[in-house]
Protein chains: 2
Amino acid sequence: MQPDPAEAIAEQVFTALADPSRRAILADLATGGPTTATDLADRLPITRQAIAKHLTLLTDAGLLTPTPAERRRIRYHLNPAPIQLAQQFLAALAHDWDTRLTALKTHLTD
Amino acid sequence: MQPDPAEAIAEQVFTALADPSRRAILADLATGGPTTATDLADRLPITRQAIAKHLTLLTDAGLLTPTPAERRRIRYHLNPAPIQLAQQFLAALAHDWDTRLTALKTHLTD
DNA sequence: GCTTGACGCAACCGTTCAGTTGCAATACAT
DNA sequence: ATGTATTGCAACTGAACGGTTGCGTCAAGC
């Protein structure tokens with residue numbers, strides 16, 4: 001296996017999406033717009049530090065981008081590109097499965 | 001939010017997709033068609049028991065369905081429904097994000 | 001009846017992970 | 001200068017996870 005970049009990204013994206021707290025963060029970001037760690041800590045039932053860890057993980061996965069704001073705040077905003085890549089991954093899976101099914105069908109009706 | 005069933009399924013599907021071995025199993029199933037645990041153990045670098053664990057997890061996630069076959073074999077085949085649900089989840093995320101962006105844009109050009 | 005192939009169950013090991021607590025550093029306001 | 005708010009770093013804990021080994025079980029063929 002050569003270092004497949006798409007696979008690596010899929011890995012990170014799916015692990016990122018696997019955690020409930022992380023999904024909550026993403027949902028908040030998607031509906032409420034860019035926010036900071038402490039603001040999220042007010043809205044979620046976990047500590048700021050826990051949220052900070054999730055934010056770095058999400059940033060490493062390419063899902064988030066941090067931007068410095070006023071005072072010492074850092075605002076995180078969503079990055080749609082990796083999400084689309086994950087969608088393509090799922091589409092490829094479904095596609096392979098579908099073509100296998102139709103091939104079987106035509107073989108049976110042969 | 002009450003126990004959202006779609007969220008629960010998304011949880012299981014994304015955790016299932018997060019593991020490389022599990023993705024390998026799904027890819028094998030998608031391209032090669034239904035197989036058994038021992039057959040997969042020949043093709044993957046892990047033990048049959050490890051594969052069996054993954055298979056039960058994938059079955060619990062609704063991604064696989066076991067069907068008894070000849071002798072004592074059990075053949076697992078893919079189930080496309082949860083995959084489509086996961087795709088919808090990602091689409092919803094991207095959609096919310098997109099609408100937020102366009103709303104911001106129209107607000108700025110207002 | 002005995003062997004062979006396939007599966008299930010249970011215990012165990014090492015690693016990773018989510019979350020917490022505690023503390024240092026830095027920017028701005030008064 | 002002192003206080004307040006926000007972030008970053010480090011150590012720790014408890015639980016979950018991936019994987020292995022070992023053993024028991026059950027169906028079919030000789």
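Numbers restart at 1 for each chain; the letters A, B, ... are given by sequence-line order, proteins then strands. Predicted model only: the values in this text are computed from it and were never measured.
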### Message
Which residues pass the side-chain contact (heavy atoms from CB on, under 4.5 Å) test with A:L57, not counting sequence neighbours?
### Response
A:A16, A:R22
#### Entry: Phosphate OP1/OP2 of D:dT6: any A:T36 side-chain N/O under 4.0 Å
no
## Note on the structure
Taken to the nearest whole Å, CG/A:L58 to P/C:dC17 is 14 Å
### Summary
So, with a heavy-atom separation below 4.0 Å from DNA chain C, the residues of residues 59-75 of chain A are A:R71, A:R72
### Query
So, do A:L44 and A:S21 sit near enough that their side-chain heavy atoms are less than 4.5 Å apart?
no
## Note on the structure
Quick note, ring-ring contact (aromatic ring centres under 6.0 Å, His included) partners involving residues 26-70 of chain A, not counting sequence neighbours, are none
### Query
Separation of B:I46 atom CD1 from D:dC17 atom P, in whole Å?
16 Å
## Note on the structure
To the nearest angstrom, the CG-P distance between B:D42 and C:dA6 comes to 9 Å
Just list the side-chain donor-acceptor pairs under 3.5 Å for residues 73-87 of chain B, sequence neighbours left out, or say none.
from  : atom 1 : to    : atom 2 : distance (Å)
B:R73 : NH2    : B:D39 : OD1    : 3.2
B:R73 : NH2    : B:D39 : OD2    : 3.4
B:R75 : NH2    : B:E70 : OE2    : 2.5
B:N79 : ND2    : B:G62 : O      : 3.1

### Query
Please give, in whole Å, the distance from C:dG19 C1' to A:L55 CG?
14 Å
### Summary
Across all chains, not counting sequence neighbours, the side-chain contact (heavy atoms from CB on, under 4.5 Å) partners of A:E7 are A:D4, A:F89, B:R23
### Message
Tell me every residue that passes side-chain contact (heavy atoms from CB on, under 4.5 Å) with A:A41, counting only those two or more places apart in sequence or in another chain.
### Response
A:R48, A:I51
### Message
Under the ring-ring contact (aromatic ring centres under 6.0 Å, His included) definition, can you give me all pairs with a residue in residues 27-52 of chain B, not counting sequence neighbours?
### Response
none
### Query
Is there a side-chain contact between B:D19 and A:T15 (heavy atoms, below 4.5 Å)?
no
### Query
Is the phosphate of C:dC17, meaning OP1 or OP2, less than 4.0 Å from a side-chain N or O of A:H54?
no
### Message
If you assign each of A:L57 and B:Y76 to its closest nucleotide in DNA chain C, which residue comes earlier from the 5' end?
### Response
B:Y76
### Query
Side chain of B:T35, backbone of B:G33: donor and acceptor closer than 3.5 Å?
yes
## Note on the structure
Residues at least two apart in sequence or cross-chain that pass salt bridge (Lys or Arg N to Asp or Glu O under 4.0 Å) with B:R43, listed by chain then number, are B:D28
Using atom names, set out every protein N or O paired with an N or O of nucleotides 9-11 of chain D below 3.5 Å, distance rounded to 0.1 Å.
none

### Task
Considering just the side-chain nitrogens and oxygens of A:T38, establish if one lies under 4.0 Å of OP1 or OP2 belonging to D:dT7.
yes
### Task
List in chain and number order the residues that pass side-chain hydrogen bond (donor to acceptor under 3.5 Å, both in side chains) with B:T38, two or more places apart in sequence or in another chain; answer none if no residue qualifies.
B:T36
### Task
For DNA chain C, determine which residues of residues 8-29 of chain B have any heavy atom closer than 4.0 angstrom to one of its atoms, and list them numerically.
none
